[in-house]
Amino acid sequence: MSNLEVGPIYGVPLIRTLPLGINGGMVQQMPSRADLVNAKNHCSNDRVAAGYEVILNHYVRQCGEIAELKSQIERLKDGRRD
């Protein structure tokens, strides 16, 4: 994970792109740390950057939980219970 950027408020790891749609064939470019710092300076408060980091943190957690559930489903399909 080289060049991992973290948010300026809570230090949440930032993602570079977000898949759009069910198949993920298209992606949306996400704000960088520099973008969030500039947003912070232009908004007179930290709420925009902080809100983004909170939502991103929830998104990343949910992606991890979905991956774990998919893995469990595959193990059950294969008849394994480890």
Side-chain angles (χ1 to χ4, degrees):
M1 294 197 159
S2 61
N3 298 331
L4 177 68
E5 290 189 318
V6 295
I9 307 297
Y10 299 119
V12 172
L14 302 177
I15 59 175
R16 293 179 187 207
T17 58
L18 181 69
L20 299 175
I22 296 172
N23 297 329
M26 295 178 12
V27 294
Q28 172 66 46
Q29 185 71 32
M30 301 306 287
S32 66
R33 180 180 172 85
D35 295 331
L36 294 174
V37 170
N38 287 338
K40 184 174 100 171
N41 292 336
H42 288 93
C43 290
S44 76
N45 63 49
D46 298 335
R47 288 186 292 176
V48 172
Y52 174 75
E53 285 187 62
V54 168
I55 291 169
L56 179 59
N57 189 48
H58 287 289
Y59 169 77
V60 170
R61 281 186 191 178
Q62 293 301 310
C63 287
E65 288 179 22
I66 289 169
E68 177 59 30
L69 289 171
K70 285 181 177 179
S71 175
Q72 289 176 8
I73 290 168
E74 288 303 314
R75 285 195 305 266
L76 289 172
K77 283 182 180 178
D78 294 341
R80 296 178 286 144
R81 295 200 179 251
D82 47 358

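- Contacts of K77 classified as side chain to side chain contact (heavy atoms under 4.5 Å, CB included), with partners at least two apart in sequence or in another chain: I73, E74.
- One distance of note links OG1 of T17 with CE of M26; it measures 12.5 Å at 0.5 Å rounding.
- A salt bridge does not link R61 to E68: none of the charged side-chain nitrogens sits closer than 4.0 Å to a carboxylate oxygen.
- Here the CZ atom belonging to R16 is positioned 8.5 Å from the CD atom belonging to Q29, to the nearest 0.5 angstrom.
- Within the 4.5 Å cutoff, side-chain heavy atoms of L14 are placed close to those of R33.
- Of the options L56, V54, I55, a side-chain contact (heavy atoms from CB on, under 4.5 Å) to H58 is made by V54 and by none of the others.
- In this structure, E53 contributes its side chain and V12 its backbone to a donor-acceptor pair below 3.5 Å.
- In this structure, Y52 and I9 have side chains that are not in contact, with every pair of non-hydrogen atoms separated by 4.5 Å or more.
- Going from atom OH of Y59 over to atom CG of L18 covers 4.5 Å, rounded to the nearest 0.5 Å.
- At a threshold of 4.5 Å between side-chain heavy atoms, the hydrophobic network of Ile, Leu, Val, Met, Phe, Trp and Tyr places L36 and V6 in two separate groups.
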